[in-house]
Structure formats: C-alpha cells, structure tokens
Amino acid sequence: MEVTQAQDVIANIEKNPALNHLIQLADKLVDIGKTVPFIAPAFVIIKIIIDIEQKARDADAKCKDLLERINFMVSNITVLEKVNAIDPLKVVIEKMNDTLKQAASLIQAYRKQGAIARRLNMSNSQNFVQMAQKITTCSQDLMLSLQIQQTGDISVLSRAVPMDPQDEEARIFVSAHGGQSAINSSPELVEEFAKKLQLTMSDQVMDQMQSSMEDILDENQSRIETLLKENSSNTVAETIKALATEVREREAEQRITCVQCDKEYRESANGPEACSFHKSSEVSGTYSCCGKKAPCTFSNHRSVHHCEYPYTTFYDYAYAILGYCDTVDEWAVVSENDMLTNQSQKASISKLVRWRTRHERITKPMMVIHIGRINFDSSYYFQVFDAENLKTANANLQVKGKTLIFKTPEEGAYAMAEWTLNDAGVINGVKLSSKVATSDVATVKVVPIDIDTVSLTGEVQTLSQSRFKIYKSSEPYIFPENRHVGHILRSTPLRERREFKARTRLPLVVIPQGNMQANTQGKFVRNNADKFQGTLRIFNKAPPNSQTYVTLASCKAEYRLVGDKEYKAAESQDLGDIKFPASIAPTQSLDIPFEVIVRRNAAQAALMQNCWYWAMVALHHPMRIRLTFKDIEGEECVFVQEYIHNPSGRIAAKNDKDILFLHVDDVLDSTRSVVRVTEDDADSTCVVNVNGTRLSVEDLNKVVYKAEQTGVTEVDLSCGRDNGSHKWDAWALVDLSCRRVYGFKVLVTEGSSRDKKTTAALGYAACPMYGDGDLEERPIQYAEEKAVFPELEPEDPLDVVVDDDVDDEKVVISVQAAEPVISIATAASSSVTAAISEVSKATSSLDTAVFSSSVATLEKRLESLDTNVARMATALEKLVEILSH
C-alpha cells in the first residue's frame, strides 16, 4: 500500500512540471537557510504546498498557474547566497512568507472542495485573481530590494489567471439561474449542473457550497501558523532534501514511451493503473467502448505493442500493416465464411516487409501471425516475431509444453494457429486452421519455417480443405418466355424532318441556319415548358439597282403539334438583339435568332422535369413553329420550321454482354427503367452481375445452402430497389439436385409513386457455368417458382401522329395573268446576281409560253410548261450551288 502511494506521489510530480520545479527551489532554500535562518518559514510553507499538490488527484489550471507564479517569486530569493548584507532584507522576506501562507491557505481550501462546489463557487476565481496580484506585488518588491535586473520572461506575472472549460460552463449556469445565492440554496440546481458535467452529487456538496470561504482561509492560515511553530525547520529541511533527491534520481532514470497512451514513463513509476486509455478507436471525438472522451481503462504502461487486451493505438499499428499490399508477403491463409451468418474465420502467416505502406523495407527478418478480426469487442491475435521472439517462444514451449498459439472462442467455429515441432521438439512450423458451423471439415494448412532465419523453408501443405460440392446438369436448362406488357418507346425518330418554303409576295428568301433545336441555349430550362431555338437568314432578292428595300415591322410566333388543325400563339418569343423596324437592302440579308417557348400539357407540366437538348412536348407529335413577319405595308412573310424528337442516346439499349435486358418505359416523360444481368469478365472473381450486384462462386454457394436449409428454391437475392418510378426484384433459381444456381428471374414493374400500374416485364437469365474441374453430372431439378406476373390495369392507347398536310403548299393555276409568287428556301450571298438573272429569264419565258398567245390545244400548253419548268429548275440548282459556297 505504501509503495503504491509513493508511486502515486511521484507520478503526480512528474505530471506537474511546476510542482517539480517548486521542489527543486525548496531544496535550494534549504541550503540557503543554513546561512540565512529567517527564510526557514518559506521552505516550511513551500513543503505544505508540495504536500497538498502531491495528493491532488486531478489537474487544475488555476492551481498550476498559481504554482508557476510562486516559483517565479521564490526563485528571486535564491540570490541571497551571494548577498552579504542580509538583515535589511528581513522585512521583504517576511512579506513574502505572509504571501506564501495566504497562497498555501487558498490552495488547501480550494483542493478540499469537491469538483462540483469548486466550479459553482464563483468566489474561487476571484480569490485566485487576488492572490496573483499579491504575488506580483511581492515579486516586484523582492526584485527591487535584491537589486535584481530581470532579463528573463516575466509574462507569468502579467498574464491572466486561466480558467478550466468547466469554470466557464459554471459561470454561465450560475448567471442563468439567479446568481450565487440562488445556487447555494437550491440542491436541485446543483444536481442539475452535476448531471450536465456527468459528476456524482454527494452529501457534502451543499455544505461546501454554503460554507464561508473567508472563514476557511482564516482557519487554514491559523493552522499553518501552528505548523510553523510546531515543526522543526531541520526536520522539514531533511524531508525536502530527501524528496528532491528522489525526484532527481527519477529524472535521471530512462524515460520510455508507452505504446498504449503515447506518454513517457519511468519503469520505477509504472503500476497497474499508471496508464489510461480507451479500448476502441476514436470516431468523431467519442469512443464506442464507453461513449465518453475520458479514458475508461487502466493498466500498466507497455513499451511494445501486444494483443493481450484492446487499446486504441493498437488499431493504427495493426491496420498500417494489414491494410496494404506492400507491407507483407503472404505465406499462407486459411479462411471460411459461414453461409448463414456470413461471419468469417481467418488465420494467416506472412513475412513482414514494411511497417507502413511506402516506407523503407525492413532489413531484419520478421513474420506476422494474424488470427481473427481485430476489433475491441472480438477476440483476435496479431503478433510480430523476429528470431529472438521465436527462440523465446520455443523456450517457453519446452517448459510448458503448450503448442497452441491462439484460438478464437466462438461456439461451433474457430480460427487457430499452433506451433509444429521436429523430432527434437524444436519449432519448425505453424499450423493454421479455420472452420465455420456450415462447413463439414476444417481447412488446415502447415507452413514450414526456420526460427533462426525467420523464413519459409518449403512448400505450404494443405492437410484438409472445406469445399462446397457442386454438380453439372445432364442437359441444358430451359426457361419460360420473357414477358412484357406496356408501351415501348421508340429508339429512332418518327420520320425525317420536313422542310418548308417561305410564303410571301415580298422579294424575300428565308434560309434556316441549321435545324431548329430544343432547350439547348441559355443558362436554364423550364420544368413546365420547352424552348425551341434557331436562326433564320432573310435575304432580299431584289436587283441591286431596284432600290427595293424591305422593312420588317413585326414578328409573330405560333406553334402547332402535327395532328392539330390550327396554330396557337406561343407563350413567349425572343428575337435576340433584333429591333423592329428592321430594313433589308437589295441583295442583302438579315440574321434573326429566335427562341419560342411552348407550354407543356397539364400532365407533362406536373412532372416538373428539366429537359436539356430535347422537348417533352414533342415526344409523340412533331412540333411546328410558324414565324410570321410583316413589313410596314402589311405584307406577310410566313415561314414554318419543324422539330422531331430524336431519342437516340437517351433510351438505354441492350449491350453485347447482357444475358438479360428488361425494361419498362414511361411514355409521358420518355424515360426507360432498365435491369440488366451480365456475365462478369473472365479474369474476374465474380460469375455474374445482377444489375450492379456482383455474385461470386462463394455467394452462389451460399444461396444454394440457404435453399437446402429452407427448401425454398426460388431465393430472393434481396438486391432489388424501389425508386418510386419503377421497382425491380431478382430471384436466384436453385437446382437442388446439382447444388447450383442455374438461372435468375427478374421482375420489373412501376414503382410505389405510381398509383396506376399498367406496365411490367418478367424475364429469365441463364447463370453462367461455374465450378472447378471435371464436375460430376446429375439430372436437373427445376426450382419451384412462386413469383408471378402481376395483374395490370388497362393502359390508355398512345396517340401518335406522324404527319399531316396542314402546312403543305396548295398550287392553283389560273388562266389570268398574275404576279408570280416566289418562295425560295435557300441562302443569300453576294454572288447571287447571275443566278437571279437566270431565274428571271425562266420566269419570263414561262409567262410568254403560257399566257402571251392562245394555243390550239391543251397538249401544246402542257408541253411548253414542262420545258420551261425544267429550265427554271436548272436555274434554281445553279442558285443553290452558288449560295452553298
């Protein structure tokens, strides 16, 4: 008991540098006191302070600060050993002694209070501040009297008295609950604060809260005065000398860093509760072993990592080795997984290459034995061995005769390592074993090693291997036909886009600059409407010398879905920087960018879906945008442009690797929900991929084992999802005769967000062949299927209109002469004059042939018309050729 108390005292001194320094100062004062007797009270009072702080069980910021201030003050009188005139200094020394008495009284009174009263009593902080001021004044008087030129750091005197975090919490609590008097008279409030700090409320707390601090300080000072009279300064001096000598001896002793708490310690001060730590890793500032920040486990300090019990720093040490492929060279591993619980039993032995990834290689031969899962709540073994460790293990084995290294304690399952011996009884290898409840036999391997060189000395022998026996079917498996009910989205456009000519009596040619696009330009799209965007180049084909200017005064945008009879006004239109009126000179052109917004129907708008680069409103009907330009005289130029939805790239399609490709389509928003079953790559450890869930041979064997235990051969893989718009489930089909998964069954339906279920798809995929070696054949036993195709509600027919003739040009031939109407959908350029001349000639010839003279018969008129139409077509081709350049 006395040894333990002595260790605690020394441990407290080592934890508190200020206390250690005070002991050294007291030792010097003892020597000075031999020639300056009137300083004897000083080292007696200091011994009282030392005794109080030695017994303190917890660190306190205010006490530590006060000790450092006392150290500074007392260190000034060490110069007395060099001072000749001593008597004039008695007054200032006596003042220092009084200050020390008050400080000792304060520390003693403060330390006697419990943790709760210490925080809630606001006068404590005030007392420490006042004491700090007194020490500052006394220190200044000492330096002045002793004529000390202070060149060191005096910030210890000028700094503020620190507060512990709990002091601030207490100050806020007291202020919020009516002040000090309210707290002192309310046990309920005191208990509330105690719970807040996770402290235990004792019977003495309220007495401590209600006691007068001034009375306690006066009483303590009286006791100190009595101690000064009763205790011999020689006896106190001897005690201080002995304590200082012990501290110096321990300072000279080698310091070792503990691997558990990462703190330095001396072996002479080590003990059963010297080290404190947690058993689990830290996660977000807390520990799952206890849920607290403060250490929950105590033990001896340890200088070398071990696995006798869990501690936080061990996980970093072990994971740095186990978590990377360049830290070890694996010699052998045995591992089994329970097919029902998925719990594994694993043991391995490896050559240690590096302590951490990417570090330098270890030159000293070492090996690692690892058994079980490293976690604070499980049983494990992880030990590094060098030649010396192996020889020590061999010597212990000779004495105890125990070959077992470690065995996990799980019931019905285990992972284990044992030493193997040669004929002389010397370790020559390690036997690894693992077994789970669902395996018939254990997997056992023997690894031969040389304990002198810590190396592998031969081939690893497999004594037994747990295997799940599977068979090959005697004939191919036959699956039901896949079934799909519901609309299927097109993967190609409805048809080719049509082009229309401008209709006008004005000398204008309208040339679209590329196809009209949807929702492509700008920084945003609408979730209830679609934007149609493009650019038109309007060319004035009047001859250069005609002075025929065309001045556009307005533009109106309308839209029509193919199938509708009438155009409707667009919600809005934007012509960029174009401002009306806008004039176009002869043989000149004007580029007009446009953006027309068309609101979706109610069902589409309710989806609130943003569509980039495609238009929801035109999914099943081509969209036509009609722009009508008017000049200042009211003449119109009408141009129609068409948009056809192209689903290419948006609609998922079957890939070459797909064994099964199932989908359900939503024709309202043009989305396709897909489930794929694919065969994994040949070099993969997995056999098949069921829509993102990869299944290995081990996974498939677990499915079969589960089917054997339950009798259910259509096994739910529990990998399906319901994302609202669609839901899918997958089952493995098990052949109990061949003990294998022979196929997969997938059902895709509309999800939970859809009230009306109108579409579904059910399909089958054959499982790729798996299993090593030449498998024995067995007859097929098909799975008993219970999942069926769901009952669906009738689906509304999809209204799809491909084309109509509303915008087709109607040509009426009259025998009366009339102004020719020219509609040309080509581009204008500076070299169009010659082409226009050709068009004029053709037109003039046509007028003469048809209208200038009477003809005998209709047959001759038609013949002439054909000839001139051909000439006009040739001229138009030349015009197009010129404009294309």
Side-chain angles (χ1 to χ4, degrees), residues 481-495 517-520 525 527-528 530 600-601 603-623 643-679 688-693 717 719-731 744-765 787 789-802:
E481 291 290 330
N482 294 348
R483 185 180 176 188
H484 183 281
V485 173
H487 292 307
I488 297 179
L489 292 169
R490 293 176 57 89
S491 58
T492 58
L494 281 170
R495 56 169 172 80
Q517 303 295 325
N519 298 318
T520 57
V525 294
N527 60 17
N528 63 348
D530 292 306
R600 299 170 189 165
N601 62 40
Q604 292 173 331
L607 297 176
M608 301 183 68
Q609 181 173 335
N610 294 328
C611 302
W612 286 98
Y613 306 106
W614 65 283
M616 182 181 291
V617 73
L619 280 178
H620 310 298
H621 301 255
M623 169 64 69
Y643 170 85
I644 294 180
H645 174 64
N646 184 3
S648 177
R650 295 195 66 254
I651 303 300
K654 185 175 181 179
N655 297 328
D656 294 338
K657 289 186 177 182
D658 290 341
I659 307 173
L660 176 65
F661 177 80
L662 284 184
H663 63 88
V664 292
D665 295 344
D666 189 332
V667 295
L668 184 60
D669 62 1
S670 186
T671 56
R672 170 168 287 178
S673 303
V674 172
V675 176
R676 303 176 190 269
V677 179
T678 59
E679 184 174 2
V688 68
N689 186 325
V690 181
N691 211 45
T693 299
L717 292 175
C719 61
R721 299 288 185 274
D722 184 348
N723 69 357
S725 64
H726 78 283
K727 177 179 181 293
W728 67 276
D729 294 285
W731 296 266
F744 300 94
K745 177 179 177 180
V746 179
L747 175 63
V748 188
T749 62
E750 291 170 291
S752 56
S753 66
R754 303 298 170 88
D755 296 330
K756 186 177 180 181
K757 305 295 191 295
T758 60
T759 181
L762 176 66
Y764 295 84
F789 197 86
E791 294 290 334
L792 301 175
E793 298 181 50
E795 191 167 29
D796 297 331
L798 183 61
D799 181 22
V800 178
V801 180
V802 178

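Values reported hereafter were calculated over all heavy atoms of this structure, with side chains retained and with hydrogens, waters and symmetry mates removed. Fair warning: this is a prediction, and the values are worked out from it, not measured in the lab. Numbers here are sequence positions counted from 1.
Considering all non-hydrogen atoms of both residues, Arg600 and Cys611 come closest at NH2-SG, 3.4 Å. Here the closest non-hydrogen pair linking Pro647 and Ser491 is CG-C, 3.5 Å. When all heavy atoms of Val674 and Asn691 are compared, the pair lying nearest together is O-OD1, 3.8 Å. Taking each heavy atom of Val802 and Pro622 in turn, the nearest pair found is O-CG, 3.5 Å.
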- Item | Evaluation steps, side-chain contact (heavy atoms from CB on, under 4.5 Å), between Leu668 and Leu607 | CA-CA 9 Å; Leu668 184 60; Leu607 297 176; 3.8 Å; yes
- List the steps, then state whether side-chain contact (heavy atoms from CB on, under 4.5 Å) holds for His726 with Glu750. CA-CA 4 Å; His726 78 283; Glu750 291 170 291; 5.9 Å; no
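Rounding to the nearest 0.5 Å gives a distance of 10.5 Å between CD of Gln517 and OH of Tyr613. Atoms NZ and OG, from Lys727 and Ser673 in turn, are 13.0 Å apart once rounded to the nearest 0.5 Å. The OG1 atom of Thr678 sits 12.0 Å away from atom CG of Asp656, with the distance rounded to the nearest 0.5 Å. Between atom CG of residue Leu747 and atom CG of residue Leu662 there is a gap of 8.5 Å, rounded to the nearest 0.5 Å.
In terms of modelled atom types and a separation under 3.5 Å, the side chain of His621 and the main chain of Asp799 share a donor-acceptor contact. The closest donor-acceptor contact from the side chain of Asp665 to the backbone of Val667 lies at 3.5 Å or more, if one exists at all. Without hydrogens or angle criteria, Lys745 side chain to Ala787 main chain gives a donor-acceptor distance under 3.5 Å. Without hydrogens or angle criteria, Gln609 side chain to Asn527 main chain gives no donor-acceptor distance under 3.5 Å.
Applying the side-chain hydrogen bond (donor to acceptor under 3.5 Å, both in side chains) rule to Asp666 yields the partners Arg754; only residues at least two apart in sequence or on another chain are considered. Every side-chain contact (heavy atoms from CB on, under 4.5 Å) that Thr693 has, sequence neighbours left out, goes to Leu695, Cys719. With sequence neighbours excluded, the residues that form a ring pair (Phe, Tyr, Trp, His ring centres under 6.0 Å) with Tyr643 are Phe532. Judged as a salt bridge (Lys or Arg N to Asp or Glu O under 4.0 Å), and not counting sequence neighbours, Arg490 has no contacts. In this structure, the side-chain hydrogen bond (donor to acceptor under 3.5 Å, both in side chains) partners of Asp658, at least two apart in sequence or on a different chain, are Arg676. Checked against side-chain hydrogen bond (donor to acceptor under 3.5 Å, both in side chains), Thr520 has the following partners two or more places apart in sequence or in another chain: Gln533. Residues satisfying the ring pair (Phe, Tyr, Trp, His ring centres under 6.0 Å) criterion with Trp614, sequence neighbours excluded, are His645. By the side-chain contact (heavy atoms from CB on, under 4.5 Å) test, Asp755 pairs with no residue at all, sequence neighbours left out. Scored by the salt bridge (Lys or Arg N to Asp or Glu O under 4.0 Å) test, Lys654 finds no partners at all (sequence neighbours excluded). Here Asn519 pairs with Asp530 under the side-chain hydrogen bond (donor to acceptor under 3.5 Å, both in side chains) rule; sequence neighbours left out.
Here the side chains of Ile651 and Ser670 are in contact, with some heavy-atom distance below 4.5 Å. Side chains of Thr671 and Ser725 form no contact here, defined as non-hydrogen atoms less than 4.5 Å apart. Within the 4.5 Å cutoff, the side chain of Trp612 has heavy atoms near those of the Val525 side chain. Side-chain contact between Val688 and Phe744 is present, with at least one heavy-atom pair separated by less than 4.5 Å. Thr749 has its side chain out of reach of Val664: every pair of non-hydrogen atoms, C-beta onward, lies at least 4.5 Å apart. Using a 4.5 Å cut-off on side-chain heavy atoms (C-beta onward), Val617 and Gln604 make contact. In this structure, Leu792 and Thr758 have side chains that are not in contact, with every pair of non-hydrogen atoms separated by 4.5 Å or more.
In Lys657, the NZ atom is not crowded: 12 or fewer heavy atoms of neighbouring residues, nucleotides or ligands sit closer than 6.0 Å.
Residue pairs meeting the salt bridge (charged side-chain N to carboxylate O under 4.0 Å, His left out) criterion with at least one partner in residues 604-620, sequence neighbours excluded, are absent.
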Just distance, no hydrogens or angles: give the donor-acceptor pairs under 3.5 Å from side chains in residues 481-489, sequence neighbours left out.
unit_1: Asn482; atom_1: OD1; unit_2: Tyr764; atom_2: N; d: 3.0
unit_1: His484; atom_1: NE2; unit_2: His663; atom_2: O; d: 3.1
unit_1: His487; atom_1: NE2; unit_2: Asp796; atom_2: O; d: 2.9

